[in-house]
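Working notes for the structure below.
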Amino acid sequence: MDPPLPLLSGACIACTLGMFAAGLTDLRQMFRTQSVENIQFLPFLTTDINNLSWLSYGCLKQDWTLITVNTIGAALQTLYILVYFYFSPEKRRVLLQSAALLGVLILGYCYFNLLIPDVAVRLARLGLFCSVFTISMYLSPLADLAKIVRTRSTRCLSFPLTVATFLASASWTLYGFQLSDLYIMVPNIPGIVTSILRFWLFWQFPPDHDKLYKPLQA
């Protein structure tokens, strides 16, 4: 029997917020060190675009699960961006990238709201954009996974984040299936696949193995 929709909705919200909370570690580090050393800015921007895109899709579809998750997600990512800007010594670069984000959002708004008057067509095209963008985000770390296999070290991976990503992707896939919404279901399947691949890497190269392996390479 399929799980009830409210249960899936709650699982989607809880697991996705668990993913977003991973950024709180970076936030604490920035405040503790008063710097942005070893913290990447681009993931904050791309996740913000993703959240705002899905928020627009949720508003158009009147889906409160999407609206709730992505409102909180966009607020958190914007907070991370502002804190990064405050502590970053390269404020010009951060401003330019943030301005590019704003430009993308304005162009997207004009395209979807002004050039596509039909709501059904707008929903389909916005859903397609969100799906493609989400898939690209899930597939972008594949180069890092190849590096992990080459170095036999999982030090750069977070196991709690991997668990949260797997649960969130699985929840959204089931949620999309229940709603018969391919735009929600399909882009989360790569999240399940890449999470399973990460689990395999943790099993193949556990942290203890990582610590023992490095002296052998010295």
Side-chain angles (χ1 to χ4, degrees), residues 5 8-9 11-13 15-20 22-23 40-81 94-144 161 164-195:
L5 197 58
L8 278 178
S9 177
C12 290
I13 293 173
C15 295
T16 308
L17 292 183
M19 283 178 55
F20 294 153
Q40 294 181 327
F41 180 63
L42 195 57
F44 295 148
L45 277 180
T46 54
T47 305
D48 210 6
I49 292 176
N50 194 48
N51 288 145
L52 291 169
S53 300
W54 280 112
L55 177 58
S56 300
Y57 182 78
C59 290
L60 196 60
K61 191 180 174 69
Q62 295 186 334
D63 186 313
W64 284 100
T65 302
L66 285 171
I67 293 171
T68 301
V69 165
N70 290 287
T71 297
I72 297 173
L76 284 174
Q77 299 305 321
T78 302
L79 173 64
Y80 300 155
I81 288 171
V94 174
L95 276 176
L96 288 175
Q97 291 179 344
S98 300
L101 164 65
L102 184 60
V104 168
L105 293 176
I106 292 174
L107 286 175
Y109 176 84
C110 292
Y111 174 73
F112 288 113
N113 290 278
L114 302 180
L115 299 181
I116 309 178
D118 186 271
V119 176
V121 176
R122 188 190 311 162
L123 186 67
R125 293 190 182 178
L126 182 57
L128 180 61
F129 171 80
C130 292
S131 298
V132 172
F133 198 87
T134 299
I135 290 172
S136 67
M137 287 185 65
Y138 276 132
L139 295 182
S140 60
L142 287 180
D144 292 334
L161 179 58
T165 302
F166 175 78
L167 294 176
S169 300
S171 299
W172 283 111
T173 300
L174 290 173
Y175 184 77
F177 178 77
Q178 285 279 63
L179 294 178
S180 300
D181 190 327
L182 292 176
Y183 298 123
I184 296 176
M185 183 176 69
V186 172
N188 285 285
I189 294 176
I192 297 175
V193 174
T194 55
S195 296

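Nothing fancy with the numbering, it's 1 onward along the sequence.
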Testing the basics here: between T165 and S195, what is the closest heavy-atom pair and its distance to 0.1 Å?
CG2-OG, 3.5 Å
Side-chain heavy atoms of V186 within contact of S131, under 4.5 Å
no
Rounded distance (nearest 0.5 Å) linking atom CD of Q178 with atom OG of S9:
11.5 Å
Do T46 and N50 come close enough that some side-chain heavy atom pair is under 4.5 Å?
no
Side chains of D48 and T78: any donor to acceptor distance under 3.5 Å?
yes
Set out, in order, the CA-CA distance, both residues' side-chain angles and the distance that settles side-chain contact (heavy atoms from CB on, under 4.5 Å) for N113 and R122, then state yes or no.
CA-CA 8 Å; N113 290 278; R122 188 190 311 162; 3.9 Å; yes
Quick one: are M137 and F133 in side-chain contact, heavy atoms under 4.5 Å?
yes
Any side-chain heavy atom of L55 within less than 4.5 Å of one from L66?
no
What closest approach, in Å, do S53 and F129 show between heavy atoms, and which atom pair accounts for it?
OG-CE2, 3.3 Å
What one should report as the nearest heavy-atom pair of Y138 and P187 is CD1-O, 3.3 Å
Give the minimum heavy-atom separation between L52 and A74, together with the two atoms involved.
CD2-CB, 3.8 Å
Over all heavy atoms of both residues, which pair between T65 and D63 is shortest? Give the atoms and the distance, please.
N-OD1, 3.0 Å
Minimal heavy-atom distance between C15 and S171, with the atoms involved, is SG-OG, 4.1 Å
Is there a side-chain contact between V69 and F20 in this structure, where contact means two heavy atoms from C-beta onward sitting under 4.5 Å apart?
yes
By the ring pair (Phe, Tyr, Trp, His ring centres under 6.0 Å) test, which pairs, at least two apart or in different chains, include something from residues 42-75?
F44-Y80, W54-Y57
Measuring only between side-chain heavy atoms, which start at C-beta, is L126 closer than 4.5 Å to I116?
no
Tell me, do L167 and M19 make a side-chain contact under 4.5 Å, heavy atoms counted?
no
Any side-chain heavy atom of F41 sitting closer than 4.5 Å to one from I81?
yes
What is the distance from atom CG of L101 to atom CG of L105, rounded to the nearest 0.5 Å?
4.5 Å
Checking the side chain of T16 only, and the main-chain atoms of I13 only, is there a donor and an acceptor separated by less than 3.5 Å?
no
